[in-house]
Amino acid sequence: MATAVAAPVVETDRSGTKRSSRGGEQDRSGKLFNRLAATCVTLFALIWLVPFLWALITSLRPNEEIAENPTTPWSNNWNLDAYSYAWNTSPLGWWYVNSFIISSLTVVFTVVVCSMAAFALVNLNFRGKYFVFGLILAGLMVPVEALVLPQFLEFRAIGLLGTYWAVILPSVALPVALFVFHSFIKAIPVALIEAARLDGASWWRIYSQIAMPLSRPAISAVAILTFITSWNAFLWPLLVLTQTKSQTIPVGLSSLVGGSAIQYSETMASAVLGILPLLAVFLVLQRQIAQGVANTGIK
Amino acid sequence: MTATALPAPRTGVEVDDRAATAGKPPRPENRAGWLFAAPFLVLYVAFLIGPVLVGLVISLFNTTTVKSGIGSWVGFSNYADVLTNADFWASMWHSALFTLLTTPILVLLPLLFAILVSRLGRGQWFYRLAFFAPYVVPSAAVALIFAFMYTPQTGLITNAFGWFGLTAPDFFGSTSGAWFAVVLLTVWWTFGFNFILYTAAIQEISEEIYEAATLDGAGPWQQIRTITAPLLRPTIGLVLILQVLASLKVFDQIYILLAGGPNYTTRPVIQYIFDSGFSAYRGGYAAAATMVYFAVLVLVSVAWFLVRRRNNSANA
């Protein structure tokens with residue numbers, strides 16, 4: 001189980017070379033089929049990239065030109081004016097900072113809190129454990145997004161509305177993350193932990209120096225997915241962060257939709273700036289992100 | 001792989017295989033266990049179970065969201081109001097309709113493409129990049145870009161209709177045009193997630209099966225039909241339920257792109273709750289609507305869980 005996250009990566013490489021040989025020379029219809037499939041899939045993939053490219057191109061063209069020739073993907077006057085305009089007229093810098101702080105703290109808390117609880121459920125025998133386990137299992141079926149209204153009233157009663165904590169706290173105790181850690185920690189050999197116990201290691205030491213280092217793939221999967229989910233969260237931050245300067249990127253950007261109908265390039269420049277940080281992370285960690293999604297099914 | 005892919009049904013049975021020594025746990029271990037679990041449990045009870053209970057209580061009072069305090073007891077009249085309100089049912093229908101429109105496309109199209117891509121040798125990274133990149137884009141940025149492409153006359157998609165000799169629908173002014181706009185956006189945005197789930201499952205299928213099939217003279221189409229598709233059935237089930245639950249919770253795209261318009265004809269149920277709770281300030285009423293909607297979602301999950309368990313025990 002401990003290798004579960006890493007294993008399929010190896011298989012991707014293998015299938016790359018092996019699967020291409022499938023069909024062989026003896027099978028001409030197979031070759032034709034593969035060529036057709038390649039054409040079809042490549043066409044679709046290119047279409048999928050169009051919205052990105054279109055936003056980028058538009059953001060670099062002057063507005064007068066867009067109004068004249070809206071569908072020409074070329075400009076005689078490429079420039080970055082729209083970016084400086086977008087940066088100066090909206091508090092994008094603040095939104096970046098807010099999103100970054102909120103997402104990072106959420107990741108740290110989620111990883112620590114969920115892995116500790118998973119460690120307790122796997123390795124420690126405590127009273128009420130089965131009840132706790134059942135309770136968390138049931139949580140997998142609770143659609144949190146549907147509960148924003150009572151959640152809002154709860155946070156108003158505690159007096160945390162408008163703070164980072166209002167965004168961070170509700171998303172930390174995530175049952176899915178706990179179960180990802182649970183399956184990893186369970187794969188650690190019992191003998192290893194018993195040996196450490198006999199040597200007099202405390203439970204905290206076993207957790208931090210044996211269980212956690214061995215769960216590194218789980219940590220990265222949970223961390224990456226929590227970061228993306230937290231960065232892109234919309235409804236809840238929209239409700240609790242009402243000051244323009246305290247908003248996150250998605251909430252801030254949404255206020256630009258349907259705004260000025262003629263400032264095409266400025267609007268697209270904001271969109272590109274909003275996409276950029278996560279897209280950069282994605283390009284670097286593409287494989288790990290895909291693997292993490294495949295292993296957890298978090299949405 | 002399988003255990004993590006869907007932690008819900010199986011792990012529960014296996015919880016006791018370590019530390020399974022029956023009887024009372026020793027005291028220090030008992031204390032350590034609770035201490036380790038405490039941070040999770042506190043947050044879990046406060047912010048996951050808490051809102052369910054708060055929602056239940058508030059739905060029985062005439063709470064308003066403008067002032068604090070929960071108001072006075074009104075019994076089940078909020079529920080009676082919700083269940084007889086045509087706007088509520090209209091918004092429930094919009095969420096259901098969105099699910100009906102998006103689920104078939106988002107379950108089958110990624111399946112087809114994942115199978116085709118898996119048969120190609122080179123360039124896997126390119127397809128993953130193209131299809132999956134939209135998943136990391138915030139909903140607001142997606143809406144900004146698509147709103148621009150849907151602009152009447154000047155928008156790229158509006159013009160694309162013209163290239164094929166068609167007239168583009170009014171994406172913001174007509175109900176059917178609005179649904180088209182939001183479904184197309186959603187397919188582009190979330191296609192990659194299901195694509196990745198399928199791709200991972202396909203890579204689990206052993207190469208030998210295909211090699212044997214090729215030796216037996218099975219063509220590509222036959223291999224897909226008789227090997228890949230049947231072996232992917234559990235994954236298709238998983239994608240289906242994840243998609244249904246995700247689609248039933250739709251809010252971002254419709255709210256940002258259309259604000260539920262034109263004239264509330266696309267408003268999903270979450271936006272209805274949002275509007276009645278935060279624009280009309282009827283907290284108790286919105287909580288009752290929340291609980292009804294919540295019950296529907298839980299029913300869908302539980303039904304799927306039961307079906308899955310029956311299938312599992314039938315196979316075992």
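Sequence lines set the chain letters: A, B, ... in the order given, protein chains first and strands last, and positions in each chain run from 1.
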Less than 3.5 Å apart, which donor and acceptor atoms pair up between the side chains of residues 44-57 of chain B and the rest of the protein, not counting sequence neighbours?
{"from": "B:Tyr44", "atom 1": "OH", "to": "A:Leu135", "atom 2": "O", "distance (Å)": "2.6"}
{"from": "B:Tyr44", "atom 1": "OH", "to": "A:Gly139", "atom 2": "N", "distance (Å)": "3.2"}

Choice from [options] maximising heavy atom contacts with chain A below 4.5 Å:
| options | value |
| --- | --- |
| B:Asn159, B:Asp252, B:Leu297, B:Leu248 | B:Asp252 |
| B:Val117, B:Leu112, B:Val42, B:Val136 | B:Val136 |
| B:Phe172, B:Tyr198, B:Phe191, B:Phe195 | B:Phe191 |

Taking side chain as everything from C-beta outward and backbone as N, CA, C, O, which of these in [X] sits under 4.5 Å from a heavy atom of chain B? Side chain, backbone, both or neither.
| X | value |
| --- | --- |
| A:Pro175 | both |
| A:Val272 | neither |
| A:Val144 | side chain |
| A:Ser202 | neither |
| A:Leu238 | side chain |

Checklist line | Derivation and outcome, side chain to side chain contact (heavy atoms under 4.5 Å, CB included), residues B:Tyr127 and B:Leu120 | finding: CA-CA 10 Å; B:Tyr127 301 110; B:Leu120 307 174; 3.8 Å; yes
Notebook entry, point to check: Taking all atoms of both residues into account, what is the closest heavy-atom pair of A:Ser171 and A:Thr110, and its distance?
Noted result: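 Minimum heavy-atom separation between A:Ser171 and A:Thr110: O-OG1, 4.0 Å.
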Next item on the list: Taking the six-membered ring of B:Trp125 (Phe, Tyr or Trp), confirm whether the NZ or CZ of A:Arg287 is under 6.0 Å from its centre and within 45° of its axis.
Entry: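 No, a cation-pi geometry is absent between A:Arg287 and B:Trp125.
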Would you be so kind as to tabulate the donor-acceptor pairs closer than 3.5 Å made by side chains of residues 285-292 of chain B, with sequence neighbours excluded?
{"from": "B:Tyr285", "atom 1": "OH", "to": "B:Asn85", "atom 2": "ND2", "distance (Å)": "2.8"}
{"from": "B:Tyr285", "atom 1": "OH", "to": "B:Tyr272", "atom 2": "OH", "distance (Å)": "2.6"}
{"from": "B:Thr290", "atom 1": "OG1", "to": "B:Ala286", "atom 2": "O", "distance (Å)": "2.9"}

Checklist line | Side-chain donor-acceptor contact under 3.5 Å, B:Thr214 with B:Gln223 | finding: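 Per modelled atom types, B:Thr214 and B:Gln223 side chains form a pair under 3.5 Å.
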